[in-house]
Amino acid sequence: MHVELDGAIINGRWDCSTVAVYDGVIDDDLRSRLLGLLGSAAGWQPDAGPDVLCWEREGFRDVLGDKSEGALSWGLTDDALGRLCSQSPTPGPVLELQSRLQLLIDAANPGVACTVCRMPPAALGDEVPPLAANAPTAAEDRAAFNWHIDADPMLLPPSPWTDYYSRYPNRDPGRPRFVTALLYLPAEWRAEWGAPTRFLDTPTARVLETTPSPGRLILMDQDITHSVTAPNALAGDRPRYSLVLKLVVHPPDGGPLITPRLARSEAVLFGSAARKGEP
Ligand SMILES: O=C(O)CCC(=O)C(=O)O
Ligand SMILES: [Fe+2]
């Protein structure tokens, strides 16, 4: 599935955000090794609940690092997050994920050499890690999962990044595109357990949902308003684990001013994205 939403004219150019859903990019072996990074030991049973040596109850941590009061959901401890984000060395499964994402972007942009990088600390500061994980469960306070954006190159705080690139609309041709890779990690997830990710088409208030499925990968623009939802009671205690990797996709240096694509196929237009050319 490759969907466009949030259609608008930006700087005289028709612009839409993308949500692209990929099955089969993350095979079961890589899925289970990535899930293993969210626990401390081989004996951990992911379906029984988050490993308390790596997870704690906290407010949902969005890109601003807020811990909203009273809304308790599971978040990785600082130590576990540090291990996940480490680049000395980078955990093997994360390296492999990154190289598959580069191949996927290569395939989506034939003949155009785009480069996939982690969101650098120069853009959002050291407080916002480029990797995060979620483990919503049915028992949780649903208010914990707010609508949010991950980041927007137009709304960055002053930083070395804005010194260099200034602020610009995401998807501006020739500029780095802010993209999030979201991965569903449970070994099994049934439709009746719910917990979709929701994406808001702001101009029409219509909501697009992606259904969790083992190893399913979502590539999405970071400026889309979206939210996690909690599983429903049929899921029991089972957490719906997801891994989130914040990326920037650079178009080629000095080449034609293009916007890197997130999928090769033609997009289905959702909500306001279908309004192109309307008065
Ligand atoms: O797990 C999900 O459905 C989305 C997670 C998310 O939006 C985030 O961690 O920023
Ligand atoms: Fe998010």
Side-chain angles (χ1 to χ4, degrees), residues 1 3 5-6 17-23 26 31 34-35 37-38 46 50 54-56 58-68 71-77 80-81 84-85 94 97 118-119 123-124 127-138 140-153 155-156 170 177-186 189 191 193-202 207-232 235 238-248 262:
M1 185 173 74
V3 182
L5 66 163
D6 271 344
S17 305
T18 294
V19 174
V21 182
Y22 288 96
D23 290 320
I26 310 303
R31 179 204 58 75
L34 287 164
L35 180 58
L37 296 177
L38 309 185
C54 294
W55 294 78
E56 60 194 355
E58 60 166 28
F60 180 69
R61 208 194 298 226
D62 69 10
V63 293
L64 300 172
D66 283 350
K67 297 193 176 188
S68 42
L72 294 180
S73 59
W74 290 101
L76 283 179
T77 61
L81 193 58
L84 186 65
C85 294
V94 174
L97 170 62
R118 290 177 178 210
M119 177 69 71
L124 293 173
E127 287 296 293
V128 183
L131 282 102
N134 300 285
T137 56
E140 273 171 270
D141 179 350
R142 275 149 204 268
F145 307 112
N146 296 321
W147 290 107
H148 66 280
I149 64 166
D150 287 348
D152 184 338
L155 301 175
L156 293 175
N170 207 12
R177 182 170 183 170
F178 281 27
V179 172
T180 287
L182 165 67
L183 256 160
Y184 301 117
L185 293 181
W189 198 262
W193 295 346
T197 308
R198 309 178 82 212
F199 303 88
L200 182 65
D201 178 59
T202 320
V207 173
L208 173 76
E209 292 187 349
T210 55
T211 312
S213 162
R216 176 167 287 172
L217 166 71
I218 315 285
L219 286 187
M220 55 170 282
D221 278 297
Q222 289 193 20
D223 54 320
I224 299 176
T225 300
H226 62 283
S227 83
V228 187
T229 49
N232 45 48
R238 218 173 260 103
R240 189 277 254 158
Y241 298 98
S242 63
L243 183 71
V244 173
L245 179 49
K246 315 259 172 67
L247 304 167
V248 286
L262 305 189

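The model shown is predicted, which means the values in this text are computed figures rather than measured ones. In listed order, ligands and their atoms are each counted from 1.
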Looking at ligand 1, does any of its N/O atoms fall within less than 3.5 Å of an N/O of [X]?
X    : result
Y184 : no
K246 : no
S227 : no

Please work out whether any backbone atom (N, CA, C, O) or any side-chain heavy atom from C-beta onward of T180 is under 4.0 Å from ligand 1, and answer side chain, backbone, both or neither. neither
Once you restrict to heavy atoms under 4.0 Å, what part of D150 touches ligand 1? Side chain, backbone, both or neither.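 The part of D150 near ligand 1 is the side chain, not the backbone.
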Shortest-distance N/O/S atom, D150 versus the Fe ion (ligand 2): OD1
With sequence neighbours excluded, what pairs up with Y184 under the ring pair (Phe, Tyr, Trp, His ring centres under 6.0 Å) test? none
In terms of atom number and element, which parts of ligand 1 are under 4.0 angstrom from non-hydrogen atoms of V244?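 Contacts of ligand 1 toward V244, numbered from 1: 5 (C), 8 (C), 9 (O).
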Check each atom of ligand 1 against the heavy atoms of S242 and keep those under 4.0 Å away; list them by number with element. 1 (O), 2 (C)
With a 3.5 Å cut-off and no angle check, do the side chains of D152 and N170 form a donor-acceptor pair?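 Per modelled atom types, D152 and N170 side chains form no pair under 3.5 Å.
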Are any non-hydrogen side-chain atoms of V207 and F199 less than 4.5 angstrom apart?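 No. Closest side-chain heavy atoms not under 4.5 Å.
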A side-chain contact here means heavy atoms from C-beta on lying under 4.5 Å apart; do L245 and T180 qualify?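 No, their side chains stay 4.5 Å or more apart.
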Quick one: list whatever passes side chain to side chain donor-acceptor pair (under 3.5 Å) with R177, sequence neighbours left out. T18, D221
I'd like to know if the side chain of R118 reaches the main chain of L247, judged simply by a donor and an acceptor atom lying under 3.5 Å from each other, with no hydrogens or angles considered. no
